[in-house]
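Each chain gets a letter, A, B and so on, in the order its sequence line appears, and its residues count up from 1. Here the structure is a predicted model, which is why all the values come from computation and not from measurement.
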Amino acid sequence: MIGALLRAQFLVMRRTLGAGVALNIAGGVFWYGLWTLGAIGTFSLIASATEAKLPGVLSLVLAGVCVYWQAMPVISSTMGSSLDLRKLLAYPLPHGRLFAVEMLLRLVSGLEMLLVLTGAAAGLAMNPAGGGVVPMAGALAVFILFNLLLASGVKSLLERLLTRRKIRELIVLLTALLWVAPRFFMLTGYRTPMGKRALDSALAAGLPWSAAARAAMGQYRMAAWLSLLAWTAAAAWFGRAQFERSLRFDTAAALASPPESQRRASFADRLFRMPSRILPDPIGAVVEKELRTLARAPTFRNLFFMGFTFGLLVWLPMVVGRQGPSAHEDSFLSRHFLTIVSLYALTLLGQVTFWNCLAFDRSAAAFWFVTPQPISKVLMAKNIASQVPVYIEVAILTAISLALRLAHGWGEVAEAIAVVATCSIYMLAMGNVTSVEYPRGLNPERVSGGSGSSGRFQTLVLIFYPLALLPVGLAFLARYAFGSEAVFRGVLAAMLVCGALVYRVTLKSAADTADKRREALLTALSTGEGPVVT
Amino acid sequence: MSSDAILVRGLEKRYGPKAAVDGLDLEVPRGSFFGFLGPNGAGKSTTIRILTGLIPFDRGTVEVLGFPLPGGDLEIKRRIGLVPDESLLFDRLSGAEYLEFAGRMYGLDRPAAMERARALLDLFELPAGRKMIAEYSKGMRKRVAMAASLVHHPELFLMDEPFEGVDAVGARLMKDILLRQVARGATVFLTSHVLEVVERLCDRVAIINEGKIAAAGTSEELRSGGESLEDVFVRIVGGGHLLAAREGLEWL
């Protein structure tokens with residue numbers, strides 16, 4: 001049964017990857033190559049550690065491994081490998097077998113950690129303070145088992161929590177912020193004595209990674225093994241119990257929308273209707289529909305919130321630094337902070353609104369071809385709708401930047417808006433073409449997973465982003481070369497006009513392509529997922 | 001203007017070496033209730049997708065309501081109501097929002113679209129609140145699709161399994177509405193695997209098998225010799241598929 005499941009998954013992956021196989025393999029080689037380097041680093045760190053420092057270093061490595069392994073279900077809660085129980089429960093698979101597959105998937109989703117652990121084991125074997133191969137291999141094997149069981153439980157628990165939309169969005173947002181928070185604190189030099197105490201506590205002997213480290217080194221043998229086995233038993237109970245609860249979980253009930261107050265609904269309704277008061281149908285109707293859809297798509301909402309949270313956390317430390325904002329006032333980043341964070345937000349939102357604008361429509365995209373409206377108008381309306389959240393984002397970032405004195409006056413605000421407008425028009429121009437050339441349906445319930453597009457398309461986007469930014473880059477270059485604000489504005493205006501012309505040409509081309517290859521386009525947008533969600 | 005709502009000659013559509021539609025000839029008179037039958041994979045849905053302009057075809061001529069395909073796409077789309085096999089519904093809209101949106105896409109102004117949407121929601125007993133279509137049951141989704149096909153008062157209905165997943169009350173309502181549409185002069189072209197429904201509703205029937213029309217005529221013409229439509233259908237599309245004719249399936 002497990003074989004049949006894996007084969008079904010393989011067949012779906014083979015069909016889904018298509019021409020992108022080579023790129024996916026290249027990406028895999030790069031990713032695991034990096035982790036192999038990490039494993040070599042771990043090896044040398046542990047092999048060269050003194051006897052006094054070895055327990056601490058090894059505990060720290062194992063703690064890192066554990067955190068990564070447990071974080072994987074959070075990171076890949078929707079984009080990583082996970083059993084879609086809804087598809088498998090219909091079959092007579094014993095729960096034990098399903099749990100075995102689940103454990104296998106946890107192992108596969110943490111292959112990087114096996115590399116690191118191999119490096120750690122080799123380093124420990126080379127270190128004279130190591131406790132011998134047998135206790136080391138045994139302790140690390142039990143530690144891997146502990147991680148797999150715990151990760152399975154964490155994943156099952158998260159899976160249920162994540163079914164509730166608001167919780168899911170909050171967790172994903174917090175996770176994204178947690179990833180950049182350490183960097184933020186390091187760059188801004190923010191340290192507290194509490195942090196040091198927390199690190200010491202994290203390496204206390206009773207914790208699973210410390211117990212595994214000491215068992216692997218042959219130190220406090222009895223106590224370390226008892227502690228490690230107790231943790232593993234607890235993880236086994238937790239993992240299986242959470243897995244069973246997930247099997248019995250009523251997803252439909254959790255997905256049901258809570259009743260909304262009439263007042264709130266009517267306010268939201270008035271907001272959604274605003275564009276169609278200005279724009280004629282069918283453009284007004286499509287813009288209104290798009291805004292409703294985007295606002296109700298967790299995938300989009302997550303990207304929107306990340307634009308002014310994650311974006312700020314990424315760029316703020318570079319401006320504030322260790323010496324405070326005044327020390328960096330003259331840097332390029334500091335003078336154009338608002339423009340840069342706005343552009344960053346634009347690129348985040350572009351993943352689902354520009355480059356793959358039919359993604360959320362999925363099979364319903366056929367609607368655009370059965371109604372008596374030209375597809376060019378639909379694309380144009382989608383483009384207009386995509387600009388609304390962009391400028392809301394810019395407004396939020398402006399308010400934050402002005403409040404934190406990171407933007408100095410309305411000149412910078414005007415610059416940010418003009419730059420975003422110029423980049424947007426080029427991104428929309430290219431995005432219309434990519435949307436019809438490389439369409440792929442995207443589940444709006446997914447709170448991560450980017451554009452959901454193929455590897456080939458993702459590579460193209462990496463080329464398109466610099467292309468879309470090039471006109472703006474030219475304007476900045478002109479300002480730098482001539483030292484004139486007027487030249488900057490003139491070049492930017494010229495680029496905007498040029499962008500409008502490019503947009504017009506590509507819109508027609510995209511509409512023609514959509515008409516010509518509508519069958520392939522609709523097939524691509526309707527493609528579903530296999531038994532394992534990837 | 002042609003007296004046929006649909007006129008198809010020598011229609012071919014291939015997927016690689018396989019012909020999904022293979023030299024299909026079809027005439028659907030205006031004002032008729034036309035049943036389009038066939039086994040799974042016979043080419044019914046492909047034909048409907050071609051008639052709606054969703055997919056191109058390789059060979060043949062197609063005229064819908066007197067307009068040729070390709071070329072007359074926009075004129076045809078304005079006049080047809082479609083209930084497809086796959087959903088055309090935007091999951092993140094409520095039923096009311098979707099019906100209003102569909103109306104506006106067919107050229108109704110907003111107040112008129114809203115008015116009709118309200119009336120259709122009421123008629124089909126669909127939730128008037130903000131519950132998203134994503135949360136609807138299969139039957140409710142079919143009812144929304146049916147309601148959307150009516151919102152712009154079309155001349156021709158193309159319906160692929162419209163009653164699938166709909167409860168008896170909903171199905172009865174849909175049948176009554178379709179009969180009323182035919183009575184006002186509209187044409188209904190529907191596929192269904194429920195032959196009793198076709199037998200009761202349709203005045204004309206065509207059976208497609210392996211991409212070709214295997215039989216066509218009025219229900220009475222097809223059922224000569226006291227056979228039921230099911231008997232005729234099974235005889236035409238291949239009795240060899242019946243269990244009694246298969247060997248090596250004793251275990252079943």
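- Remark: B:Asp109 pairs with no residue by the salt bridge (Lys or Arg N to Asp or Glu O under 4.0 Å) rule, at least two apart or across chains.
- The six-membered or imidazole ring of A:Phe360 lies away from that of A:Phe300, with a centre-to-centre distance of 6.0 Å or more.
- Contact check for B:Met114 versus B:Arg104: no side-chain heavy atoms found under the 4.5 Å cut-off.
- Considering only heavy-atom pairs separated by less than 4.5 Å from chain A, the leading option among B:Leu74, B:Ile76, B:Leu108 is B:Leu74.
- Looking at A:Leu294, there are no atoms closer than 4.5 Å to chain B (heavy atoms on both sides), in backbone or side chain.
- Heavy-atom distances place both the backbone and the side chain of B:Ala102 under 4.5 Å from chain A.
- Most heavy-atom pairs under 4.5 Å with chain B: of the set A:Ala285, A:Pro374, A:Pro282, A:Ala295, this distinction falls to A:Ala285.
- Counting non-hydrogen atoms of neighbouring residues, nucleotides and ligands closer than 6.0 angstrom, the CZ atom of A:Arg273 exceeds 12 such neighbours.
- In this structure, no portion of B:Glu75 lies under 4.5 Å from any heavy atom of chain A.
- The choice from A:Val378, A:Val286, A:Thr293, A:Val370 that makes the most heavy-atom pairs within less than 4.5 Å of chain B is A:Val370.
- Put simply, the side chain of B:Asp167 gets close to the backbone of B:Val169: a donor and an acceptor are under 3.5 Å apart.
- Contacts between A:Arg362 and chain B at a heavy-atom distance below 4.5 Å involve the side chain alone, from C-beta outward.
- Here B:Phe33 and B:Phe157 keep their ring centres 6.0 angstrom or further from each other.
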